[in-house]
Amino acid sequence: MKEKMEELKNRIMPNGKAMILAYDQGFEHGPRDFLVHPECGNFKHILDIAQKGKFSGLVLHAGLAEKYADEIADSGVPLILKLNGKSELFTEEDPFSPQLYTVEDAITLGAIAVGYTVYSGSKYENEMLREFSKIVREAHSNGMMAIGWMYPRGKAIFDRKSSSKTLKIALDEQAQTNQAIDETPSIVAYGARIGLELGADMVKVKYTGSPDSFRWVVQSAHPTRVVLSGGPKTNTDEEFLSRVKDVMDAGATGIAVGRNVWQRSDPLSISNKLHQLIYGD
Amino acid sequence: MKEKMEELKNRIMPNGKAMILAYDQGFEHGPRDFLVHPECGNFKHILDIAQKGKFSGLVLHAGLAEKYADEIADSGVPLILKLNGKSELFTEEDPFSPQLYTVEDAITLGAIAVGYTVYSGSKYENEMLREFSKIVREAHSNGMMAIGWMYPRGKAIFDRKSSSKTLKIALDEQAQTNQAIDETPSIVAYGARIGLELGADMVKVKYTGSPDSFRWVVQSAHPTRVVLSGGPKTNTDEEFLSRVKDVMDAGATGIAVGRNVWQRSDPLSISNKLHQLIYGD
Amino acid sequence: MKEKMEELKNRIMPNGKAMILAYDQGFEHGPRDFLVHPECGNFKHILDIAQKGKFSGLVLHAGLAEKYADEIADSGVPLILKLNGKSELFTEEDPFSPQLYTVEDAITLGAIAVGYTVYSGSKYENEMLREFSKIVREAHSNGMMAIGWMYPRGKAIFDRKSSSKTLKIALDEQAQTNQAIDETPSIVAYGARIGLELGADMVKVKYTGSPDSFRWVVQSAHPTRVVLSGGPKTNTDEEFLSRVKDVMDAGATGIAVGRNVWQRSDPLSISNKLHQLIYGD
Amino acid sequence: MKEKMEELKNRIMPNGKAMILAYDQGFEHGPRDFLVHPECGNFKHILDIAQKGKFSGLVLHAGLAEKYADEIADSGVPLILKLNGKSELFTEEDPFSPQLYTVEDAITLGAIAVGYTVYSGSKYENEMLREFSKIVREAHSNGMMAIGWMYPRGKAIFDRKSSSKTLKIALDEQAQTNQAIDETPSIVAYGARIGLELGADMVKVKYTGSPDSFRWVVQSAHPTRVVLSGGPKTNTDEEFLSRVKDVMDAGATGIAVGRNVWQRSDPLSISNKLHQLIYGD
Amino acid sequence: MKEKMEELKNRIMPNGKAMILAYDQGFEHGPRDFLVHPECGNFKHILDIAQKGKFSGLVLHAGLAEKYADEIADSGVPLILKLNGKSELFTEEDPFSPQLYTVEDAITLGAIAVGYTVYSGSKYENEMLREFSKIVREAHSNGMMAIGWMYPRGKAIFDRKSSSKTLKIALDEQAQTNQAIDETPSIVAYGARIGLELGADMVKVKYTGSPDSFRWVVQSAHPTRVVLSGGPKTNTDEEFLSRVKDVMDAGATGIAVGRNVWQRSDPLSISNKLHQLIYGD
């Protein structure tokens with residue numbers, strides 16, 4: 001099992017670095033994310049980007065994974081099945097994203113890693129901790145990687161009501177930097193740490209605003225690997241590339257990006273620049 | 001399994017088109033739907049319409065499927081078992097329709113496809129996403145089609161309270177067209193997309209008011225097939241037929257219709273016209 | 001299995017008619033129902049009525065079924081195990097009656113049919129629909145009959161708040177007849193229909209006030225059999241017998257009665273009259 | 001299985017009478033119950049009372065049952081494992097006591113009977129009815145006795161809000177006797193009846209104030225056996241002994257007592273007097 | 001199994017005494033606990049302390065246990081897997097800490113004992129009682145020790161609303177000593193007792209302020225072993241050592257300590273002093 005795990009890790013993280021393309025937005029945000037230009041909603045176009053852009057992983061839900069199983073297999077791009085998800089049609093202050101597929105489903109669908117979002121700080125945190133900790137156990141007993149989307153979020157965090165000492169520190173950080181509370185170093189580092197404590201092999205987190213603060217995130221998760229969440233499309237390529245450079249300098253393993261690639265007019269151009277930054281080639 | 005799936009798909013979608021008769025209204029609405037004329041409540045009459053009207057599928061709950069198993073088998077009309085349902089006696093702003101039978105039950109009852117309603121936007125969305133995603137996995141592992149009744153609905157949608165960007169776009173659409181919010185292109189397309197993301201083979205959705213907007217729905221679900229939900233009886237045959245023509249022009253695979261056939265005085269006449277529109281014969 | 005089912009149906013419904021004695025009131029109402037006269041609480045007396053009164057079924061909970069298993073077997077009266085129940089000590093506007101025993105328990109206890117109450121219209125409807133639909137599947141796969149106590153009830157019905165069109169019709173009916181809302185034809189017929197849709201072999205429902213309206217109930221449930229729920233003891237024998245005559249005229253299969261038999265001073269006398277009405281002998 | 005059951009019943013009820021020592025108060029009330037005198041908290045002292053006082057059963061939770069398994073086996077006192085429990089630290093108007101061990105655990109721990117508390121009237125009644133009914137089935141299929149602690153309790157009962165007819169009768173009884181509502185004959189008899197309906201072999205109930213009213217309880221539970229719950233220590237030995245005499249005269253099978261024995265200064269003296277009253281020796 | 005249990009107990013409690021190092025704070029409090037000095041967040045440093053400080057157990061969550069499995073095995077320090085946990089990001093008056101791993105997971109990860117926190121007094125007490133009682137059964141059937149973190153906590157306790165007699169006594173104690181309510185002897189002793197009643201082999205509790213009151217805790221849990229929870233770093237070494245001396249004098253089995261060791265500037269120095277106090281060497 002260990003050997004299998006190492007081999008699969010090398011596929012998701014060639015040379016120890018990861019460059020992952022996320023395409024679960026059709027579920028999480030709806031087709032509105034594809035309005036920018038017509039090709040965004042064309043899966044074959046996305047797969048083409050993943051392959052030609054030399055991404056080391058592609059994140060999908062079961063539907064696309066299954067319907068394009070042959071094309072994905074042919075592309076050689078490693079498949080990461082996202083095991084939980086929700087639509088934005090129902091939104092609650094305390095978010096919950098339910099597990100929809102099992103590790104066994106992921107194997108059947110040809111995935112070599114699984115992903116799961118944990119909204120720590122939500123009142124449903126306990127359900128997500130339960131599901132993700134179980135998923136990690138199951139993934140590892142099958143020699144698969146488990147990746148945590150670690151996004152602290154919920155009423156307790158945004159309403160500043162929590163008696164949590166971590167939140168108090170985060171509010172101090174916010175007072176200095178004017179960041180969103182869920183992008184403060186303390187909150188992001190805590191989310192990353194929960195990933196480590198539960199056994200995640202990799203965590204996907206938000207940017208904390210500076211390489212120094214992101215280094216604290218990387219340390220808090222160590223030896224779990226940290227990748228940057230791409231987030232909404234930035235105004236310019238440079239803005240995004242500069243952020244990626246920051247996190248790589250801070251010890252990150254790479255990125256998991258969607259809109260900042262496929263919503264751009266030239267997705268392969270930015271993919272190449274990202275590849276250069278991450279792999280130094 | 002793939003061959004079996006293809007064979008069954010050809011039965012539900014001969015020549016790639018589907019014309020499905022729905023008869024789950026006795027559960028969802030109660031016997032009041034049969035008050036129009038006495039034969040509406042006579043299942044043998046309904047089965048006769050399905051057979052003579054050359055429908056490619058008949059949607060039932062377990063009770064009728066089981067009690068008329070021999071007659072259904074003799075009719076040659078493919079059976080689609082609706083796996084969830086609720087009465088209209090209990091109604092809540094956030095609807096929930098619980099799974100009542102399993103894929104295994106559907107097989108035992110002679111069905112070749114299963115259906116399930118997902119009310120995205122309801123606070124129970126997470127339970128329905130869980131149930132449907134599991135049903136899709138089970139159906140596919142048995143070589144059966146899974147059809148999603150994708151109806152975004154619930155307090156978050158009707159109260160305009162949601163922070164969802166999709167809803168904001170839908171409200172803009174509504175301002176222009178005066179449509180019900182759950183019939184706006186953005187909402188219907190999102191519902192259809194969720195069906196694809198979860199792996200549905202076909203989704204049943206509401207009409208969006210125009211061929212152009214319905215094309216967006218079809219694209220958002222692609223390669224999952226889209227059928228029009230018939231809805232309440234229209235004033236005239238023409239009104240309904242014109243709507244069906246619109247969706248076929250927009251790339252729809254067909255229709256799933258009940259009241260607009262069996263509540264009419266001459267159900268076979270409209271069935272023949274629908275068949276002509278859908279199959280072009 | 002089909003043959004076994006037919007044989008058992010013939011025992012519960014000799015000549016296609018059913019006359020069932022219910023004795024689950026000790027649980028549902030408590031011992032107060034036995035205060036009328038001392039023998040009401042004596043199970044051997046009840047069993048004696050069932051046997052000498054030629055009832056075709058006896059409804060019990062697991063306790064009495066098990067403790068008097070030998071006596072019941074000797075009596076030859078078919079046992080129907082009621083699978084759910086609740087006390088009246090906790091009462092809520094939206095009732096819920098949880099499943100307490102399984103179909104397998106029923107078989108072990110010597111029952112040849114199972115019963116379950118569905119309170120459609122309650123906010124717990126979904127849980128009861130789930131439990132009953134599963135029970136029906138299990139009963140049938142064991143060649144046993146499943147009987148639904150179909151009692152629409154709950155805040156949505158009694159508070160007139162529901163947006164249900166069925167309820168609107170029921171309120172019109174009520175305006176004319178002054179009936180309790182849960183005894184209006186539309187509500188009773190809907191309850192009966194749900195039984196059919198879920199696959200029940202027989203439903204037990206309230207009286208709707210007239211043979212004509214009860215015929216609508218029988219039609220709505222067809223081919224599921226309909227039996228009248230006895231309800232509280234009427235003032236006179238005649239009042240009850242006249243009601244039974246009405247439902248038999250309307251196409252009912254028979255009755256499921258408790259207090260109107262064993263709370264009377266001469267239970268065998270009324271049993272004989274009922275037998276005559278139902279079996280025409 | 002029947003023979004095994006009979007043999008075990010003879011151990012718990014030698015000569016058809018039961019004298020059971022309860023020692024679950026450390027969990028239900030906490031160590032404060034042991035403050036009266038130091039030995040109350042010494043389990044070996046308690047076991048000594050059980051043995052020398054010739055008790056026919058000892059009620060324990062899993063912890064003591066397991067840690068003193070050898071001593072209990074050597075004592076020859078039959079072990080009754082209490083399967084549910086809760087602390088008094090969290091108290092709610094509607095009590096719930098969750099199942100903590102299984103019937104299989106009870107067997108492993110050397111118990112020959114299992115106990116479970118049902119708070120009928122609580123809004124959690126449905127969960128407790130479910131758990132207890134399942135426990136009874138499992139106990140019986142293993143040839144073990146199932147004993148119900150039947151204590152109607154909860155907001156519906158104490159707030160007089162219930163629409164239950166039983167409660168109305170109970171309030172009339174209370175008006176005459178000034179008893180606590182959950183000690184009125186109607187409430188206690190209903191609790192006992194629920195035990196019978198679910199299949200309990202024995203129920204433990206509160207005293208109703210008089211032999212006549214307690215006889216109603218015994219009749220309502222028949223043929224399930226009824227034992228008196230000892231309750232808090234009475235002021236004098238005589239007060240408690242007189243109560244026990246009353247219930248034995250009313251047809252009770254015996255008692256299940258804790259504090260009224262081991263909180264007394266001479267527990268063996270009262271044990272002997274109880275033995276005399278119950279077994280008439 | 002008994003022999004295996006004895007052998008493992010001897011490893012966790014050499015000479016009958018336990019000195020356990022806790023390192024689950026990264027999950028429970030977040031990385032802020034590591035800010036004191038950089039090495040606090042370095043697991044190899046922590047493991048070094050555990051080994052050189054001669055700790056008889058190390059408490060971890062699954063992530064670190066798995067990622068450093070080889071190093072932990074090499075160190076010879078017995079592993080205790082903490083089976084439940086939560087972050088401080090979501091905080092509620094009534095705390096709940098969900099089970100995240102199973103006893104089987106613990107075995108796979110090389111643990112020889114399992115831990116679980118029970119917040120008695122929380123409205124989720126019933127869920128935690130259920131989980132912990134099941135864990136104890138499973139641990140024992142695998143010859144493993146089960147350790148309870150027994151922390152009464154929740155709205156009922158802090159709001160003084162409870163009708164619990166134990167709480168009334170605790171409020172009297174508080175009036176005299178000015179302690180936090182959850183550190184009063186009655187509350188701590190009750191928590192410890194619940195551990196015994198459920199079958200825990202060891203309980204971890206807060207300090208009650210004096211050796212005499214702590215003796216009551218030890219007696220209430222007997223024969224379950226009691227260890228002191230280290231809690232936040234005290235101002236001086238002496239303050240902490242004096243507390244440890246008190247509990248050892250009161251009959252405690254040892255301590256489970258984290259921050260009071262690894263947050264100090266010289267963790268090995270205090271470890272040696274603790275070892276001397278506990279083992280008397």
Side-chain angles (χ1 to χ4, degrees), chain C residues 23-35 38-45 59-71 81-109 122 124 127-128 131 158 232, chain D residues 2 94 118-134 136-138 140-141 146 148 150 152-157 161-170 182 185-201 203 216-217 219-224:
Chain C
Y23 195 64
D24 58 341
Q25 291 82 355
F27 191 176
E28 296 285 335
H29 306 155
R32 67 168 169 87
D33 266 11
F34 308 147
L35 291 169
E39 288 294 280
C40 291
N42 176 351
F43 178 71
K44 289 189 179 169
H45 170 70
V59 177
L60 294 177
H61 270 280
L64 291 169
E66 188 177 38
K67 291 187 194 313
Y68 293 97
D70 293 345
E71 290 85 346
L81 193 74
K82 184 78 196 311
L83 299 190
N84 65 341
K86 60 177 183 60
S87 84
E88 66 162 39
L89 291 174
F90 177 69
T91 41
E92 196 184 358
E93 276 180 305
D94 286 297
F96 176 57
S97 183
Q99 183 177 351
L100 303 173
Y101 330 106
T102 63
V103 168
E104 206 183 335
D105 289 332
I107 295 168
T108 305
L109 291 166
S122 163
Y124 305 109
E127 294 191 49
M128 289 175 282
E131 290 192 351
F158 293 115
Chain D
K2 269 197 173 174
D94 285 297
V118 177
Y119 296 114
S120 302
S122 163
K123 71 179 174 188
Y124 305 109
E125 177 188 293
N126 62 351
E127 294 192 49
M128 289 176 281
L129 293 177
R130 266 190 216 280
E131 290 192 351
F132 186 51
S133 57
K134 194 149 177 272
V136 173
R137 290 304 104 219
E138 288 171 2
H140 289 183
S141 74
M150 307 308 292
R153 200 173 292 179
K155 201 180 165 186
I157 289 179
K161 273 185 180 172
S162 170
S163 64
S164 138
K165 287 184 189 164
T166 297
L167 194 64
K168 286 189 181 64
I169 302 173
D182 62 332
S186 288
I187 296 294
V188 176
Y190 198 165
R193 179 75 189 191
I194 293 169
L196 160 62
E197 295 281 352
L198 296 178
D201 302 291
V203 289
W216 174 238
V217 176
Q219 284 171 7
S220 296
H222 179 82
T224 294

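Note that these values count all heavy atoms, side chains included, but never hydrogens, waters or copies made by symmetry. Letters go in sequence order (proteins before strands), and every chain restarts at 1.
Taking 4.5 Å as the limit, some side-chain heavy atom of Ile187(D) sits within range of a side-chain heavy atom of Leu89(C). Within the 4.5 Å cutoff, no side-chain heavy atoms of Asn126(D) are placed close to those of Lys86(C). Taking the side chain as every heavy atom from C-beta outward, Phe34(C) and Ser220(D) never approach each other to under 4.5 Å. Two residues are said to be in side-chain contact when any heavy atoms from C-beta on lie closer than 4.5 Å; Phe90(C) and Ser120(D) fail this criterion. Contact annotation: the side chain of Phe132(D) never approaches that of Leu100(C) to less than 4.5 Å [non-hydrogen atoms, C-beta and beyond].
Enclosure of atom CD in Glu104(C) is not indicated, since only 12 or fewer non-hydrogen atoms of other residues, nucleotides or ligands lie within 6.0 angstrom.
Looking at Glu88(C), its side chain does come within 3.5 Å of a backbone N or O of Lys165(D) through a donor-acceptor pair. Looking at Lys67(C), its side chain does come within 3.5 Å of a backbone N or O of Ala200(D) through a donor-acceptor pair. Side chain of Glu125(D) to main chain of Ser87(C): a donor-acceptor pair is present (N/O by atom type, distance under 3.5 Å, no hydrogens or angles). With hydrogens and angles ignored, the 3.5 Å screen pairs no side-chain donor or acceptor of Tyr101(C) with any backbone N or O of Lys134(D). Without hydrogens or angle criteria, Thr166(D) side chain to His29(C) main chain gives a donor-acceptor distance under 3.5 Å.
With a 4.5 angstrom heavy-atom cutoff, Phe43(C) does not touch chain D via any of its atoms. Leu109(C) touches chain D through its side chain: at least one heavy atom from C-beta onward sits under 4.5 Å away, while N, CA, C and O do not. When heavy atoms are compared at a cutoff of 4.5 Å, Glu127(C) approaches chain D solely by way of its side chain, counted from C-beta outward. Heavy atoms closer than 4.5 Å to chain C are found nowhere in Ser141(D), neither backbone nor side chain. Proximity to chain C is limited to the side chain of Ile169(D), based on heavy atoms less than 4.5 angstrom apart. Only the side chain of Arg137(D) comes within less than 4.5 Å of a heavy atom in chain C; its backbone stays farther off. Proximity to chain D (any heavy atom under 4.5 Å) is restricted, for Phe96(C), to the side chain, taken from C-beta onward. Of the atoms belonging to Ser186(D), not a single heavy atom falls under 4.5 Å from chain C.
Comparing Ser97(C), Ala62(C), Gly26(C) by heavy-atom pairs within less than 4.5 Å of chain D, the highest count is held by Gly26(C). Of the listed residues (Asp105(C), Thr108(C), Thr102(C)), the greatest number of heavy-atom pairs within a distance under 4.5 Å of chain D belongs to Asp105(C). Chain C forms more heavy-atom pairs under 4.5 Å with one residue of Gln219(D), His222(D), Glu197(D) than with any other, namely Glu197(D).
Once rounded to the nearest 0.5 Å, the distance linking CD of Gln99(C) with CG of Leu129(D) reads 13.0 Å.
Using a cutoff of 4.0 Å between basic side-chain nitrogens and carboxylate oxygens, Glu92(C) and Lys155(D) are not scored as salt-bridged.
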